[in-house]
Amino acid sequence: MTLLELQKTLKEKVRSKASEICGEPVSEVAVEVPPKTEFGDIAFPIAFELAKTLKAQTGEKQNPRAIAESIKSDILEFDFVEDIQIAGPGYLNVFYKRSLLLESALEDTPGTVKGIEKQKICVEHTSVNPNKAAHIGHLRNAVLGDTFVRLLRAAGNQVEVQNYIDNTGVQVADVVVGFIHLEKLELEKIKALDRKLTESGKRFDHFCWDLYARVGVEYQHNEDLLSKRAETLHLIEEGDNETALLADFVATRNVECILETMERLSIRYDLLPRESEILHLHFWQKAFELMKEKNAIHLAENGKHAGCWVMPFESHEGSDEHENDKILVRSNGTVTYTGKDIAYQMWKLGLLGLDFKYRHFTDYQNGKEVWITTADESAAEKTAVSYGGAARVYNVIDTRQSYPQQVVKKGVALIFPEKGEDASVHLSYEMVALSPAAAEELGFELTDEDRSKSFIEMSGRKGLGVKAEDMIDRLEENAFHEVRERNPDLDEPKQREIAAQIAIGALRYFLLKFTKNTVIVFDFKEATAFEGETGTYCQNATVRLNSIFRKLGTEALEAALGSVPSRSKEFSKLFGEDDGNELWSVVILALRLEETIHQSIAQSEPAIIAKYTFNLARTSNLFYQKHRILDEPDPDKKALLIAVAETARKALTSALSTMGVSIPERM
RNA sequence: GCACCCGUAGCUCAGUUGGAUAGAGUGCUUGACUACGAAUCAAGAGGUCAUAGGUUCGAAUCCUGUCGGGUGCACCA
């Protein structure tokens, strides 16, 4: 029996008894985790609730402690319950049978859910404009998204990961303008440049990063170049010309670079849907028809939106003109970004009635394939799976896009009321900004006004930001120095491998430990720390446990774990002794992993699993420091210590893997 | 102007549907390695939870006002 099942059973028992006491059905029973292990393993504040209900019924004041007392006897008979105490003003605190739960903890692999595949869920994340390298803000998106995917999968869901490629937007056009009009390069020359960059260990996306910033500067005093931008954008959208081919090469190369960067962080995708296909396969036209059919959209006849097709954002009566109407088709007949997004969202939910064509894009080292969309019939390949058509869609997009995301959600719900707004979830998060000190460290000159700010927004257009690759390289280098010092006996490739694992662990944890709506004000010192509340700390706690087991040997380990059921009586006794609570707190925390994963999903908040993992590592380190497992003379005690260490090791390994953090052999 | 988010220790942040003595990390002051590897552990100092009211058995948490900070409100993407 898992902790969640046990909790459910207890809740039901309390609920039925509570209904009996107050004479009317009680719907939901609240549960809490007591602040200290000594107070018990699960607490029901039900008596306070009942006292209120009874007072309302009879007008008489009731003592919550007395009510709690009357519920107590019913639960006490249950197998897994050791004791129940009435504490404080009337808490019903339940103590589990520790040795019994330890046994089930060793049987179950925590965090993995057996059973049937649930509905298909689609998660879109990363979606970096393919005109430059990714920066740490994009990493926050990707790490949040990837971790959320891992959480969903750990909970038994079927998940498809999409990385949307906006390959026909102005941002790509800007870099293309840079290549053609500033660098004076045509396609073949750009390809040669790309080869030269690669040979000298430089990156194409970093070249584009600088070029994009240069174009931005030029625009400010070069009217002529600005007109080239509109021209270029038009040619790219139209397709089938030299500029479009050049743009396609640039965008595709940037996508390849970004995918490389993300794979360093173990972030992978199933499908790359592109904006060009949404255009060329006429997704919008289809969505437009559907919207007109359902009267979700209308043509504004007068006012400032005259000649545009608009969607009413708030329900309103009377005139056809409204402040909050959202324009989906401009008066010149072209569709806005939000319009295309509605069509794309409908496809994701399987509501559009059209599909992309696909071709194989690339393979990951682990053999997994990435596919990309195409409009080209002759290039299309047969897919092994069908994409899109998800029951629920999560879009990982920063909070600044809350408004357009809400329009998309409402738009889809207007056309398909039966699907509703709940099928589209905007997983929104705050941005990563730079501290003024960090911006100066990157070599940017700040005005006095900038310096007085608490943070400075990153800007691709200005080239202001910490590039993802630079960040990872820096972390790896720092980690490598430490690893080399601590493990001089290892060869350099091994040291590098471990350093990479530590760097990624530190980076992913750093980006996950903040809750979504906290602005991360990036600071190099904090972000590169390997001590304190870091991914490194969590990895180290696990490595230490692993090293105990390595010294112990597989046979001795299995023998100890195998003997657990037969030592049940001795374990009960040991759990009751001085350090029993402290040993038990490791086990019960490890058992809460499954519950934590569910919580993290329900609240769409990956920080919950991160904080949990750190807590578990801390509890485990405390245990590690206090007990000498290998030197323990008492065989019963030794078996117990091994079993406790094993539950912690399993839960830590599983929790870290859910965060995409791997565990080095040594560190 | 309207909408949304935020204000908790010197600093960076957690704090579950309202619950038990408001917690971590970091920095500071101390102490612990001939090691199941100290990227660790222990101890100490550090708080009027921005502010004023309200709701109730109970509020950092819910409601209202005020002050301070952020973001969004394009026929950009």
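Naming: A, B, ... by sequence-line order, numbering from 1 per chain.
- Residues that satisfy the side-chain hydrogen bond (donor to acceptor under 3.5 Å, both in side chains) test with A:N167, not counting sequence neighbours, are A:S276.
- A salt bridge is absent between A:D523 and A:K525; no separation between the charged side-chain nitrogens and carboxylate oxygens falls under 4.0 Å.
- Side-chain N/O atoms of A:E275 and A:Y337 include no donor and acceptor closer than 3.5 Å.
- Applying the ring-ring contact (aromatic ring centres under 6.0 Å, His included) criterion to A:F39, with sequence neighbours excluded, gives no partner residue.
- The side chain of A:N517 contributes no N or O atom lying less than 4.0 Å from OP1 or OP2 of B:rC5.
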Output a table of nitrogen or oxygen pairs between the protein and nucleotides 67-71 of chain B separated by less than 3.5 Å.
none

In dot-bracket notation, what is the pairing pattern of RNA chain B, taking Watson-Crick (N1-N3 plus N6-O4 or O6-N4) and G-U wobble (N1-O2 and O6-N3) contacts under 3.5 Å, with [ ] crossing and | for other strands? (((((((..((((.....[...)))).(((((.......))))).....(((((..]....))))))))))))....
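- Note on A:T338: every side-chain N or O is 4.0 Å or more away from OP1 and OP2 of B:rC76.
- A heavy atom closer than 4.0 Å to some atom of RNA chain B occurs in A:K611, A:F614, A:N621, these being the qualifying members of residues 607-621 of chain A.
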Identify all side-chain donor-acceptor contacts of residues 612-623 of chain A below 3.5 Å with residues at least two apart in sequence or on another chain.
| from | atom 1 | to | atom 2 | distance (Å) |
| --- | --- | --- | --- | --- |
| A:Y612 | OH | A:L589 | O | 2.6 |
| A:Y612 | OH | A:A590 | O | 3.3 |
| A:Y612 | OH | A:L593 | N | 3.2 |
| A:T613 | OG1 | A:I609 | O | 2.6 |
| A:N615 | OD1 | A:R618 | NH2 | 3.0 |
| A:T619 | OG1 | A:N615 | O | 2.8 |
| A:N621 | OD1 | A:R544 | NH1 | 2.5 |
| A:N621 | ND2 | A:Y537 | OH | 3.1 |

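- Partners of A:E533 under the side-chain hydrogen bond (donor to acceptor under 3.5 Å, both in side chains) rule, at least two apart in sequence or in another chain, are A:Y509, A:K611.
- The phosphate of B:rA24 (OP1 or OP2) has no side-chain N or O of A:Y537 nearer than 4.0 angstrom.
- Between the side chain of A:S127 and the main chain of A:Y164, a donor-acceptor pair closer than 3.5 Å is present.
- Enclosure of atom CG in A:D578 is not indicated, since only 12 or fewer non-hydrogen atoms of other residues, nucleotides or ligands lie within 6.0 angstrom.
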Start with the C-alpha distance between A:N131 and A:V250, add both sets of side-chain angles, then the distance that settles side chain to side chain contact (heavy atoms under 4.5 Å, CB included), and finish with yes or no. CA-CA 7 Å; A:N131 70 328; A:V250 171; 5.9 Å; no
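- A search for ring-ring contact (aromatic ring centres under 6.0 Å, His included) contacts involving A:F530 returns nothing, not counting sequence neighbours.
- With sequence neighbours excluded, no residue forms a salt bridge (Lys or Arg N to Asp or Glu O under 4.0 Å) with A:E231.
- Not a single ring-ring contact (aromatic ring centres under 6.0 Å, His included) links A:Y429 to another residue, sequence neighbours left out.
- When heavy atoms are screened at a 4.0 angstrom cut-off, A:Q539 is found touching no nucleic acid atom at all.
- Residues passing the ring-ring contact (aromatic ring centres under 6.0 Å, His included) test with A:F524, sequence neighbours excluded: A:F522.
- The side chain of A:S402 places no N or O atom within less than 4.0 Å of a non-bridging phosphate oxygen (OP1 or OP2) of B:rC4.
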Scan nucleotides 55-58 of chain B against the protein and return all N/O pairs shorter than 3.5 Å with their distances rounded to 0.1 Å.
none

